[in-house]
S.K.: 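Here it is: the structure, laid out below.
Within every chain, numbering begins at 1; the chains are lettered A, B, ... in the order of the sequence lines, protein sequences first and strands thereafter.
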There are 2 protein chains.
Amino acid sequence: MPSSVLNNDHYEKDRVALMGRHREFDVEKVLDAALCVFWRKGYEGASYSDLTEAAGVERPALYSAFGNKEALFRRALDRYYERYLDFIPKSLELPTARAVAAHILYSAAELHTRHSHHTGCLGINGVLAGSDEAEPVRQALIEARAGGEAQLRERLERAKAEGDLPETAKPEALAAFVMAVSHGMAVQAKAGFSRDMLEAVAEQALSAWPAGSSTTSG
Amino acid sequence: MPSSVLNNDHYEKDRVALMGRHREFDVEKVLDAALCVFWRKGYEGASYSDLTEAAGVERPALYSAFGNKEALFRRALDRYYERYLDFIPKSLELPTARAVAAHILYSAAELHTRHSHHTGCLGINGVLAGSDEAEPVRQALIEARAGGEAQLRERLERAKAEGDLPETAKPEALAAFVMAVSHGMAVQAKAGFSRDMLEAVAEQALSAWPAGSSTTSG
DNA sequence: CCGTTTCCATAACGAGCATTACGATAACGC
DNA sequence: GCGTTATCGTAATGCTCGTTATGGAAACGG
């Protein structure tokens with residue numbers, strides 16, 4: 001849920017200008033290009049030259065449209081959650097906790113290997129480590145990550161209340177576990193793992209899923 | 001197994017000089033300081049100023065002792081595997097596959113939260129993403145990571161042959177799963193997770209461990 | 001005690017970084 | 001069509017990066 005931590009100062013510039021010369025490039029397409037560069041190289045690893053080259057737009061155009069590098073990254077991160085990590089909120093609507101976990105893990109396996117030129121997860125690649133100047137960005141990624149995990153935990157608490165998970169189940173630990181496996185797969189995808197291999201990891205992770213009172217096993 | 005991919009050009013300089021002025025700093029201590037900086041900031045996130053400040057040594061001294069930043073990082077990575085990731089080869093000597101996996105996961109949970117100022121795993125933090133110039137370092141980390149996983153896979157293949165894992169077990173997938181959970185915990189440690197939380201993740205990961213023919217459950 | 005060798009510290013190197021003046025250009029309201 | 005306004009491309013800003021040239025200081029061999 002990164003939008004809550006975003007600096008919105010430059011969002012207003014997306015409106016169509018009523019006067020003066022019109023913007024000649026498509027902001028959405030530029031954002032997509034930036035997203036790919038950040039996905040591949042992380043926040044600090046992506047230079048403005050990388051970004052302008054990928055976007056096909058000169059440097060001042062990017063600044064006028066998004067503010068600065070950090071704001072551009074936050075826009076890209078928002079877009080990433082909306083357009084690529086949308087399987088998380090969708091999965092939460094599935095009927096059983098196990099189905100939720102399975103959908104998250106298999107979707108992650110697919111996403112992390114979908115594009116050969118930017119594997120893994122933008123949120124993980126972004127800034128696990130970096131210079132001190134990138135600390136605000138790192139915090140934004142941490143908060144976004146925590147938001148997704150919190151949603152999953154709440155869903156699993158509901159499942160426990162519904163008898164879909166046993167009384168002994170610990171929703172917080174289960175949610176952390178699912179996210180840990182997902183993050184681990186993101187790292188492995190960066191190391192070149194195939195989708196099949198990641199799906200085998202997901203399968204193993206699911207093989208221990210606790211059964212609810214009304215669940216039929218098999 | 002990073003030593004196989006290391007550039008050894010500067011190792012020889014560690015010998016005590018027989019002539020000329022003696023080195024005034026302790027190479028081991030400088031290496032430890034560099035290791036901590038890289039652990040915290042990653043490869044590209046750590047600047048030479050960071051390194052010299054942490055080591056208490058001037059820039060040319062680091063260059064004369066280690067060559068350049070990449071060589072220094074590789075030395076630090078070697079040291080990391082020797083002094084911090086030694087629980088992996090040690091765990092492989094445990095009697096059962098489950099004990100191996102448990103030891104790896106709980107050791108990882110401890111290591112990733114041991115130092116509050118550099119959490120997670122140096123191998124993961126190092127360079128998941130970064131500029132193109134860091135590609136050789138990224139490859140070195142990928143190879144080192146793969147080496148550890150390969151060792152675990154071989155150990156699990158042995159366990160399968162010994163009946164310690166069922167015939168249906170897939171050692172490659174199991175090894176990837178254990179490493180994925182470990183990597184995921186490293187990411188979560190970077191996000192501020194406590195050791196207790198990571199141990200809960202490890203426990204969940206182990207709850208599905210396949211039983212061998214001679215294993216008594218419970 | 002001199003010559004050689006090696007290390008130390010200061011300070012500089014060129015390159016790349018994120019960011020921005022600047023003047024020209026284009027689209028609107030009136 | 002003229003003034004206003006916003007974007008355009010070019011080129012420069014100051015800063016930090018990794019790396020190294022330079023000269024003095026220290027430890028050895030003979």
S.K.: Using whole Å, what does the distance between atom P of nucleotide D/dC8 and atom CG of A/Asp26 come to?
M.R.: 12 Å
S.K.: Will you find, in the side chains of A/Arg59 and A/Ser49, an N or O donor that is under 3.5 Å from an N or O acceptor?
M.R.: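 Present: a donor and an acceptor within the cut-off.
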S.K.: Between C/dC8 atom C1' and B/Arg23 atom CZ, what is the distance in whole Å?
M.R.: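 My rounded result for the distance is 11 Å.
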S.K.: Would you kindly check if the NZ (Lys) or CZ (Arg) of A/Lys69 is within the cone defined by 45 degrees around the ring axis of A/Tyr43 and under 6.0 Å from the six-membered ring centre?
M.R.: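 Ring-cation test returns yes.
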S.K.: If the sugar-phosphate is the primed atoms plus P, OP1 and OP2 and the base is the rest, what is the B/S/- string for nucleotides 15-25 of chain C, using protein heavy atoms under 4.0 Å?
M.R.: --SBBBB---B
S.K.: Closer than 4.0 Å, any side-chain N/O of B/His22 to the OP1 or OP2 of C/dT6?
M.R.: no
S.K.: Using residues 115-123 of chain B as the side-chain source, report each donor-acceptor pair under 3.5 Å to any protein atom, sequence neighbours left out, with the distance given to one decimal.
M.R.:
unit_1: B/Thr119; atom_1: OG1; unit_2: B/Ala189; atom_2: O; d: 3.4

S.K.: What is the separation between atom CZ on A/Phe25 and atom P on D/dT7, rounded to the nearest whole Å?
M.R.: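 Atom CZ in A/Phe25 sits about 8 Å away from atom P in D/dT7.
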S.K.: In whole Å, what is the span from the CZ atom of B/Phe66 to the P atom of D/dT19?
M.R.: 14 Å
S.K.: Hydrogens and angles aside, do A/Glu135 and A/Gln139 bring a side-chain donor and acceptor to less than 3.5 Å of each other?
M.R.: yes
S.K.: Establish, yes or no, whether a centroid distance under 6.0 Å links the rings of B/Tyr48 and B/Tyr63.
M.R.: yes
S.K.: Rounded to the nearest angstrom, tell me the gap between atom CG in A/Asp132 and atom C1' in D/dT16.
M.R.: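 Rounded to the whole Å, the gap is 14 Å.
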S.K.: Between B/Leu105 and B/Ser182, what is the shortest heavy-atom contact and its length?
M.R.: CD2-N, 4.1 Å
